[in-house]
A.B. asks: 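First, the structure itself, so that you have it in front of you.
Worth knowing before you read on, the calculation uses all heavy atoms, side chains too, and leaves out hydrogens, waters and symmetry mates.
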Amino acid sequence: MHFDFSSAEPIYQQVADQIEEAIFAGAFVEGTQIPSTTEISREFKINPATVLKGMNILVEQQLIEKRRGLGMFVMSGAQNKIIAKRKASFYEDYVKSLIIESKKLGLSRSDLQGLIEKGYRHE
Amino acid sequence: MSELIVKHIQKKYRRHQVLKNISFTLEPEKIYGLLGRNGVGKSTLLRIINNRTFADSGEVILDGQSVVDNEAVQRRFYLMSDADFYPSGMKAKQAFQWLSQLYGTFDWTYSEHLVAAFGLDVNQKIAKLSTGYLTIFKLIVALCLPVEFIFLDEPVLGLDANNRELFYSELLSTYEDRPRTFVIVTHLIEEIAHLIEHVLIIDEGVVTKDCDVTLLMNQAHVISGPQTAVRDFTQGLRVLARKHLGEIEMAYVLGELPRDTRTSTVSIQQMSLQELFVYLTDKVGE
């Protein structure tokens with residue numbers, strides 16, 4: 001986990017993103033406990049209210065749940081939910097920006113298609 | 001859990017009106033950053049709240065009572081500052097004892113942990129401590145007394161980077177174990193930017209900003225790119241400062257940005273709290 005304090009993204013959103021990424025990557029396994037607000041707050045010197053705000057985003061998305069007196073746990077099905085969410089926003093997050101940037105560079109549609117083909121060949 | 005209300009505080013030093021009209025409320029169990037340029041009266045304000053000096057007018061109220069000369073209320077406050085009031089020759093451990101009697105209790109378990117973590121020699125006379133260790137000694141006192149409001153005036157004075165980091169994590173850990181209100185006065189703004197929940201900025205004798213840090217920073221951005229593009233983008237926005245590097249312009253903007261910013265040719269970055277503070281309180285060019 002690492003926070004970029006100069007990023008345009010607010011810290012609470014980064015907290016949510018980092019935990020989501022860890023669940024996606026399988027570092028935080030479904031059904032297991034994630035680090036507590038206190039642990040994250042102490043380790044990165046972030047106000048606990050900020051950390052909690054980030055965690056609440058994931059609670060609302062039903063990726064993690066609070067178990068009274070124990071802490072926050074990864075909900076079952078969380079990883080698939082994240083994959084589905086990312087697939088749904090793939091066009092917005094990646095394809096649109098790719099086209100915008102390629103236009104700025106003066107690359108044509110077929111140039112871009114050629115580059116994607118090249119990317120697959122070198123994989 | 002009580003609020004501390006500061007109302008219309010005024011204070012003049014000789015002919016200089018330092019505090020013109022200071023009003024704000026400290027909510028229970030929050031960490032505040034109190035920021036202001038040199039000589040703006042931050043320490044004076046803390047001394048007024050802690051009954052070490054008097055305001056010319058205005059009031060400071062807790063639970064409906066004035067805090068002035070109110071010993072019962074003052075037992076709920078602690079001000080850590082550069083003032084030393086320990087008898088000469090007193091050792092650190094004797095001071096802990098003495099304060100424990102004065103305030104009723106002292107968190108001995110936690111103080112033992114802090115003494116070991118910072119490596120303070122409690123058998124050393126307070127007057128003989130180095131600048132850094134004097135600060136450490138005062139911080140241990142501040143964190144171990146049974147008070148609800150802790151005012152820290154320059155809490156990291158003379159501390160090396162390791163000890164500052166240690167202090168910030170100890171502050172957050174004791175805050176979560178036993179929530180209290182902390183007010184931190186410091187010039188090392190970047191180091192506390194994410195530690196505090198709420199920021200108060202004093203400028204020219206009044207409070208010019210009193211807001212949640214996350215909300216404030218969500219409105220503070222640096223827009224950079226070709227000058228014409230930046231001018232277009234910042235039309236109608238509140239620009240605190242503009243800097244130029246050849247044809248590149250950087251505009252420091254405070255306020256809501258347009259929703260979709262992806263197609264614009266400018267780059268948008270988060271301003272830091274320190275930058276925001278500097279541009280809000282800069283007197284150059286006015």
Side-chain angles (χ1 to χ4, degrees), chain A residues 1-19 34-58 60 66 69-72 89-107 112, chain B residues 27 29-33 156 164-179 182 184 188-199 212-225 229 253 257 260-275:
Chain A
M1 232 180 235
H2 180 77
F3 299 97
D4 179 0
F5 293 112
S6 66
S7 155
E9 200 166 33
I11 299 297
Y12 66 87
Q13 186 61 53
Q14 290 189 43
V15 170
D17 292 348
Q18 297 271 339
I19 296 170
I34 65 167
S36 69
T37 312
T38 315
E39 282 173 283
I40 297 175
S41 160
R42 263 187 232 181
E43 181 63 31
F44 298 99
K45 283 98 188 162
I46 303 172
N47 190 286
T50 311
V51 178
L52 194 61
K53 197 169 175 184
M55 290 214 183
N56 282 337
I57 293 176
L58 302 180
E60 270 166 39
K66 187 174 184 161
L70 293 173
M72 296 285 192
S89 64
F90 184 79
Y91 174 75
E92 281 287 328
D93 291 349
Y94 294 91
V95 180
K96 265 193 168 175
S97 338
L98 187 71
I99 293 171
I100 289 168
E101 179 69 8
S102 69
K103 279 185 178 168
K104 281 186 194 169
L105 297 173
L107 293 169
L112 188 56
Chain B
E27 289 172 20
E29 306 184 351
K30 270 194 182 181
I31 305 179
Y32 288 82
V156 295
R164 292 203 300 277
E165 292 275 298
L166 178 59
F167 163 62
Y168 299 133
S169 22
E170 286 300 339
L171 175 74
L172 287 169
S173 100
T174 183
Y175 170 66
E176 293 197 59
D177 291 343
R178 186 159 69 85
F182 289 90
I184 305 172
L188 298 177
I189 298 175
E190 275 321 283
E191 296 195 354
I192 60 148
H194 302 284
L195 209 82
I196 60 178
E197 186 171 349
H198 200 98
V199 65
D212 181 275
V213 179
T214 307
L215 295 180
L216 180 66
M217 297 322 290
N218 278 351
Q219 309 236 309
H221 295 95
V222 188
I223 315 296
S224 55
V253 169
L257 296 183
D260 196 6
T261 51
R262 238 179 343 197
T263 52
S264 64
T265 45
V266 295
S267 100
I268 300 166
Q269 274 159 316
Q270 171 80 61
M271 210 190 301
S272 70
L273 182 61
Q274 175 156 308
E275 287 171 314

A.B. asks: Could you list which of residues 37-45 of chain A have a heavy atom closer than 4.5 Å to any heavy atom of chain B, in residue-number order?
C.D. replies: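 Within residues 37-45 of chain A, the residues under 4.5 Å from chain B are T37(A), T38(A), S41(A), R42(A), K45(A).
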A.B. asks: Can you tell which part of I46(A) gets under 4.5 Å to a heavy atom of chain B, answering side chain, backbone, both or neither?
C.D. replies: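 Both parts, backbone and side chain.
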A.B. asks: Does any backbone or side-chain atom of E176(B) lie under 4.5 Å from a heavy atom of chain A? Answer side chain, backbone, both or neither.
C.D. replies: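 For E176(B), the contact with chain A is made by the side chain alone.
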A.B. asks: Hey, which of V222(B), I196(B), I192(B) has the most heavy atom pairs under 4.5 Å with chain A?
C.D. replies: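 Heavy-atom pair counts peak at I196(B).
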A.B. asks: How long is the straight-line distance from CD of Q270(B) back to CG of D4(A), given to the nearest 0.5 Å?
C.D. replies: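 So the CG of D4(A) and the CD of Q270(B) are separated by 10.0 Å.
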A.B. asks: Restricting to non-hydrogen atoms, name the atom on N47(A) and the atom on L195(B) that form the minimum distance, rounded to 0.1 Å.
C.D. replies: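 That closest heavy-atom pairing would be ND2-O, 2.8 Å.
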A.B. asks: Below 4.5 Å, heavy-atom pairs only: which of A220(B), A193(B), S173(B), S272(B) has the largest tally toward chain A?
C.D. replies: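 Sorted descending by pairs with chain A, the first entry is S173(B).
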A.B. asks: Using non-hydrogen atoms only, which part of E170(B) is less than 4.5 Å away from chain A: side chain, backbone, both, or neither?
C.D. replies: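 Looking at E170(B), nothing touches chain A.
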A.B. asks: Of the backbone (N, CA, C, O) and the side chain (C-beta and beyond), which part of K53(A) lies under 4.5 Å from a heavy atom of chain B, both, or neither?
C.D. replies: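 Only the side chain of K53(A) comes within 4.5 Å of chain B.
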